[in-house]
Amino acid sequence: MIRVRFAPSPTGNLHIGGARTALFNWLYARAKDGKFILRIEDTDQHRSRKEYLDEILQSLSWLGFNWDEIYFQIQRLDIYRAYAQRLLKDGRAYLAASQQTEEGSSQPLQEAIVFRVHPQRVRINDLIHGQIEFDTSVIKDQVLIKSDGTPTYNFACVVDDATMQITHVIRGDDHISNTPKQILLYKALGFRIPEFAHLPLILSKSGGRLSKRTGATAISQFRQMGFLPEALVNYLLLLGWSPGENREIIDIKEAARLFDITNANKTAATFDMDKINWINNQYIKGYSIEKLVDLLMPMLRQRFPRTQSYYSDRQKLQGLVKLYQGRINTLGDLLEWADFFFTDEINVDPAAAQRYLSQDLSSEFSLFLERIEKLEHFEVATIEKAFRELIVELNISSRQLIHPIRVALTGKTVGPGLFDVIFYLGKEVTRIRLSRWIKKGS
Ligand code: GLU
């Protein structure tokens, strides 16, 4: 049975890189009917935080990476110590007086347990990179248990991977240099060596490492921005694997059928915000309006707490969301682009006002208002009809009036169809906003 693990340290949020590692492990387990194990590497008590742990667990659940087993290293200290004792007894390790004194530490420091490295040839057949040979003569003796009694990463990792019967270690390329150190430990302990698969790095568009500015954004932040989990998972998948035939949109169930760790990409991936936006747009288009409204409702309430009319009238909100479904990349875009529906204080873009509202349109606006006030059935089609008739009477082109009305009502030059906008704003708001541009006495 295939057993893989994702082993985050709760010393920071779950970012794109970690999430991709989690995905590849989870997907491999799903593809091969194996088990996906979550191991929290929390032995660094100074840097580990409960809020990071919560954030990591929530993000993994949101992405749908459900785990079959979960372990916390901090609960396994006795196990690491027992294996270190065994190496001591076998003469493979020795005690070393601690050099470091931890400032402010009240714990009595014990002697560290150090592994004696015997240089030897270490070779692995990495499932992604193929044969890799390591020169272990440069590896110094390795601390196994630190003077504060906690294990080092490499030691805990090996003891855990072996005792948790991990068959495939799938992790980022940044851990490649740890692999030979770990293999020496596997050998000394007589453990079976698992398969290794190191995923190529994810670079920013400019070629450097991902930083906050270039997209190393926490998964929870993507969620807040209004990305859909399926879209994010689809994107993470493309950061290291391709379904072939230039396909970019792939359902996770289908991916699980086609995926194998041996056909993961060998070269570094590039994080591309435009691509992730495009993918999210595709998924938003595929979502039902019902589902989108469910997701948007709490976001809208939080951002525009006072707009009760939309929250109590679900049908109205559905219609409005439909106007934007095809054009938004994220749910956050809707909050921004459709803000004028939800707030009285609209921000009028000054350049747009200069361009479309600097001439006096008092009489045109008044005439238009009169017509729509009189409408018995206030609907998109009747609003449009009233507008078209007015244009003919005034003998002007529709563009001469459409843009100014749009800017006056929405503050923006682009958006959904004007008659839809007027319909969803309602007679009252339309009157208030157009009246602002009507000079008294006209
Ligand atoms: N805690 C390590 C990390 O977050 C795990 C590395 C591994 O998968 O072995 O990078």
Side-chain angles (χ1 to χ4, degrees), residues 2-29 34-49 51-57 59-60 63 65 67 69-77 79-80 83 122 124 126-129 132 134 142-144 146 150-186 189 191-202 209-210 216 218-219 236 239-240 261 264:
I2 293 218
R3 290 174 60 88
V4 289
R5 84 316 190 262
F6 176 54
S9 307
T11 53
N13 294 318
L14 184 69
H15 285 100
I16 288 286
R20 184 198 54 170
T21 302
L23 165 64
F24 278 55
N25 278 285
W26 174 82
L27 188 62
Y28 192 55
K35 294 272 185 245
F36 174 59
I37 286 126
L38 185 57
R39 183 168 76 226
I40 306 299
E41 305 211 324
D42 55 355
T43 55
D44 184 341
Q45 289 297 286
H46 296 290
R47 292 174 58 227
S48 297
R49 298 233 192 297
E51 57 263 36
Y52 290 134
L53 172 65
D54 292 343
E55 198 262 3
I56 291 168
L57 297 182
S59 295
L60 290 172
L63 291 169
F65 305 159
W67 51 91
E69 298 164 26
I70 183 170
Y71 300 93
F72 294 84
Q73 285 192 327
I74 199 71
Q75 295 167 2
R76 299 168 54 84
L77 297 181
I79 302 175
Y80 312 126
Y83 278 104
V122 168
I124 61 162
D126 188 280
L127 294 177
I128 295 174
H129 297 286
I132 308 179
F134 299 96
Q142 300 283 308
V143 174
L144 304 176
K146 293 182 268 186
T150 61
T152 53
Y153 154 70
N154 277 318
F155 187 56
C157 183
V158 168
V159 170
D160 281 345
D161 284 341
T163 56
M164 292 171 192
Q165 294 165 346
I166 301 300
T167 56
H168 294 70
V169 171
I170 303 171
R171 61 184 170 201
D173 257 1
D174 46 335
H175 283 289
I176 255 185
S177 62
N178 286 317
T179 305
K181 297 175 189 167
Q182 295 184 1
I183 286 178
L184 294 178
L185 291 169
Y186 277 103
L189 287 161
F191 288 148
R192 214 183 109 237
I193 298 174
E195 300 279 357
F196 287 94
H198 288 94
L199 302 166
L201 289 177
I202 304 172
R209 287 198 76 131
L210 277 191
I219 297 302
L236 291 170
L239 283 178
I261 195 68

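For ligands, and for the atoms within them, numbers begin at 1 and follow the listed sequence.
- Within the set H175, H198, R171, the minimum heavy-atom distance to atom 6 (C) of ligand 1 is found for H175.
- The shortest distance between side-chain heavy atoms of F196 and I183 falls below 4.5 Å.
- Among all non-hydrogen protein atoms, the one lying nearest atom 5 (C) of ligand 1 is A7 O, 3.2 Å.
- Minimum heavy-atom separation, T11 to S48: CG2-N, 3.9 Å.
- Looking at atom 8 (O) of ligand 1, its nearest protein heavy atom turns out to be R5 NH1, 2.7 Å.
- Checking T179 against R171 by side-chain atom types alone, a donor-acceptor pair falls below 3.5 Å.
- The C157 neighbourhood of ligand 1 comprises atoms 9 (O), with distances under 4.0 Å to a heavy atom of that residue.
- Near E41, the atoms of ligand 1 lying under 4.0 angstrom from a non-hydrogen atom of the residue are 1 (N), 2 (C), 5 (C).
- Residues Y80 and D160 have side chains that bring a donor and an acceptor to within less than 3.5 angstrom of each other.
- A heavy-atom distance below 4.5 Å is not found between the side chains of V169 and Q182.
- Counting heavy atoms closer than 4.0 Å to ligand 1, residue Y153 contributes side-chain atoms (C-beta onward) but none from N, CA, C or O.
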